[in-house]
Amino acid sequence: MPTPDSSSPQVVEGLEGVVAAYSRICFVDGVQGRMLYEGYDIHDLAAHASFEEVAYLLWHGELPTRVQLDALNRELLGARALPEPAMAIIKGMPKDALPMDVLRTAVSVLGVYDPDARDNTRPSNVRKSVRLTAQIATVVAAIDRARNGRPPVPPDAGLGHAANFLYMLRGERPDPVATHALDVALILHADHELNASTFSARVTAATLADMHSAITSAIGTLKGPLHGGANEAVMRMLLKIGDVSNAVPTIKQMLANKEKIMGFGHRVYKTEDPRATHLRRMSEELCRRTGQLKWYEMSREIEKYMLAEKHLHCNVDFYSATCYYALGIPIDLFTPVFAVSRITGWSAHVLEQFADNRLIRPRAEYVGPRNLTYVPIDRRG
Ligand code: ACO
């Protein structure tokens with residue numbers, strides 16, 4: 001893009017460093033590598049909380065009491081089944097449709113059938129947040145079952161959110177290690193301040209459109225490989241590399257070709273992403289347990305090389321890829337699984353936006369031509 005002259009406003013490409021909202025949901029310190037949800041350190045939450053507790057925290061600004069958590073769990077359980085027309089649309093999608101595209105469509109359809117569809121008050125939007133959190137897990141599992149010609153697995157009321165998701169995906173109850181790993185991954189992915197998809201949700205909400213419109217926008221934004229889509233790209237890269245001994249030579253060649261290495265770099269973190277600390281450890285444990293430690297070892301080689309050569313740290317998507325792979329999740333569901341978690345953060349931000357709303361409408365610096373004369377079509381060219 002041309003450099004603006006001195007009289008034109010300064011364009012901040014990619015809005016880097018621009019502070020666009022007040023928020024109390026997630027604090028990110030990219031220099032110290034610190035991250036908080038509503039004041040609680042992510043390390044503490046990953047060690048002690050459940051995903052359901054974190055969801056409550058993001059929506060209500062405080063940790064739930066036992067009674068409040070039980071009530072939320074009951075609401076989530078009650079919302080797991082999809083309205084039949086929404087399930088029919090998932091089943092009717094082409095078998096080779098991208099799961100993120102089906103998920104985006106399904107959430108839009110769920111908006112039509114939501115019992116609070118015409119109500120944009122906070123109580124209604126909290127109910128929609130809970131409902132969407134339960135439903136998105138069901139949608140993602142149903143997408144995989146449907147494209148493999150299998151019927152959806154009805155949710156199991158005896159299982160928490162993470163375990164029930166794995167159950168609906170595989171048709172068998174997961175063991176405690178897999179359940180705990182997914183629960184922690186969901187906590188780590190639940191929110192991250194004004195990342196691209198959350199910003200997208202807030203922009204939509206700021207027009208006073210509804211929750212489902214905002215979440216549909218967010219899902220479309222999450223899909224891209226520079227954002228949530230990176231976790232799928234990481235795993236495809238590792239599979240292509242194939243062996244630990246090929247890792248560094250392949251990365252060297254990719255960098256020489258000026259290719260970006262997926263799962264590295266971050267707009268905000270200039271040090272270790274605190275989420276990566278957990279995911280690295282989980283990746284080692286999960287890969288070892290499945291007898292496929294090489295995916296972890298390959299990742300470590302790449303991580304060390306990228307830090308030494310490019311001073312780039314890995315981001316949340318790098319080790320989540322091998323965690324999900326070791327959990328047996330199909331690669332093109334990695335980004336939908338990100339959404340299974342991030343729905344809580346997106347909806348919390350929509351609630352926050354509605355609570356103190358102003359239309360988000362920045363300006364563009366015009367760099368196109370001016371004063372052109374209209375030429376009738378048969379006199380052009
Ligand atoms: N591989 C190689 N070089 C990189 C990478 C990478 N992954 N990331 C950044 N760089 C380099 C760029 O080439 C650029 O170098 P230059 O100044 O010599 O041109 C410099 O670092 C700055 O990079 P930008 O792309 O300008 O940084 P920006 O803040 O705009 O982008 C982003 C951040 C999109 C995350 C970027 O680092 C990237 O593309 N990473 C790979 C995709 C990825 O992993 N995305 C997931 C992010 S986490 C999430 O969204 C959940």
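Ligands are counted one by one from 1 in listed order, and the atoms in each one are counted from 1 as well. Given the structure is predicted, the values throughout are model-derived calculations rather than measurements.
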Handout entry: Heavy-atom gap Pro225 to ligand 1 smaller than 4.0 Å
Key = yes
Problem - Heavy-atom nearest neighbour of atom 25 (O) of ligand 1 within options Lys310, His313, Lys260 - result: Lys260
Exercise for the section: If you have a sec, work out which protein heavy atom is nearest atom 50 (O) of ligand 1 and how many Å separate them, to one decimal? Expected result: His227 ND1, 2.7 Å
Practice task
Ignoring angles and geometry beyond distance, decide whether Val316 reaches within less than 3.5 Å of ligand 1 through its nitrogen or oxygen atoms.
Solution key: no
Problem - Check ion pair Arg24-Glu38 (N to O, under 4.0 angstrom) - result: yes
Exercise for the section: Indicate whether atom 32 (C) of ligand 1 is within a distance of less than 4.0 angstrom of some protein heavy atom. Expected result: no
Fill in the blank from the handout: heavy-atom search around atom 7 (N) of ligand 1 in the protein gives Ile261 O, 2.6 Å
Handout entry: Protein contact to atom 8 (N) of ligand 1 [nearest heavy atom, distance to 0.1 Å]
Key = Phe264 O, 3.7 Å
Handout entry: Same cluster (ILVMFWY, side-chain, under 4.5 Å), Ile187 and Val177
Key = yes
Practice task
Give the residue and atom name of whichever protein heavy atom lies nearest to atom 30 (O) of ligand 1, and the separation in Å to one decimal.
Solution key: Arg267 NH2, 3.0 Å
Problem - Sub-3.5 Å N/O-N/O distance, Gly263 and ligand 1 - result: yes
Problem - Tyr22 atom OH: more than 12 heavy-atom contacts under 6.0 Å - result: no
Practice task
Examine Phe264 and Val28 and state if one hydrophobic cluster contains both, with Ile, Leu, Val, Met, Phe, Trp and Tyr joined whenever side-chain heavy atoms are less than 4.5 Å apart.
Solution key: yes
Practice task
Report yes or no: do Val244 and Tyr305 belong to one cluster of Ile/Leu/Val/Met/Phe/Trp/Tyr joined by side chain heavy-atom distances under 4.5 Å?
Solution key: no
Handout entry: Salt bridge flag under 4.0 Å for residues Arg289 and Asp175
Key = yes
Fill in the blank from the handout: In short, Lys95 meets Ala146 closest at the heavy-atom pair NZ-O, 3.6 Å
Practice task
Pick one of side chain, backbone, both or neither for how Leu312 approaches ligand 1, counting any non-hydrogen atom pair under 4.0 Å.
Solution key: side chain
Handout entry: Within-cutoff protein neighbour (heavy atom, under 4.0 Å) for atom 39 (O) of ligand 1
Key = yes
Problem - Sub-4.0 Å heavy-atom approach of Phe318 to ligand 1 - result: no
Exercise for the section: Please check if a non-hydrogen protein atom sits closer than 4.0 Å to atom 17 (O) of ligand 1. Expected result: no
Handout entry: Proximity winner for atom 34 (C) of ligand 1, if only heavy atoms of Thr335, Leu226, Val268, Leu222 are counted
Key = Leu226
Handout entry: Option passing salt bridge (charged side-chain N to carboxylate O under 4.0 Å, His left out) with Arg147 (candidates Asp101, Asp332, Asp96)
Key = Asp332
Exercise for the section: Output the list of atoms in ligand 1 that are nearer than 4.0 Å to some heavy atom of Ala230, sorted by atom number. Expected result: 43 (C), 44 (O), 45 (N), 46 (C)
Practice task
Would you confirm whether the ring centroid of His192 sits within less than 6.0 angstrom of the ring centroid of His227?
Solution key: no
Problem - Ion pair check, Glu284 and Arg300, cut-off under 4.0 Å - result: no
Problem - Which of the ligand 1 atoms, numbered from 1, are nearer than 4.0 Å to a heavy atom of Phe338 - result: 51 (C)
Practice task
Would you mind running through ligand 1 and noting each atom that sits below 4.0 Å from a heavy atom of Asp317?
Solution key: 46 (C), 48 (S), 49 (C), 51 (C)
Exercise for the section: Would you verify that at least one protein heavy atom lies under 4.0 Å from atom 10 (N) of ligand 1, or report that none does? Expected result: yes
Completion exercise
Honestly, for Val234 the part within reach of ligand 1 (heavy atoms, under 4.0 Å) is neither
Practice task
Quick one: sort the Tyr296 and Tyr319 rings into parallel, tilted or perpendicular, breaks at 30° and 60°.
Solution key: tilted
Practice task
Using a distance threshold of 4.0 Å (strictly less than), state whether atom 36 (C) of ligand 1 has a protein heavy-atom neighbour.
Solution key: yes
Exercise for the section: Using protein heavy atoms only, decide if any is under 4.0 Å from atom 44 (O) of ligand 1. Expected result: yes
Exercise for the section: Would you check if there is a donor-acceptor pair between the side chains of Gln32 and Thr271 at a distance under 3.5 Å? Expected result: no
Practice task
Would you give the length of the straight line joining atom CG of Asp119 to atom NZ of Lys128, rounded to the nearest 0.5 angstrom?
Solution key: 6.5 Å
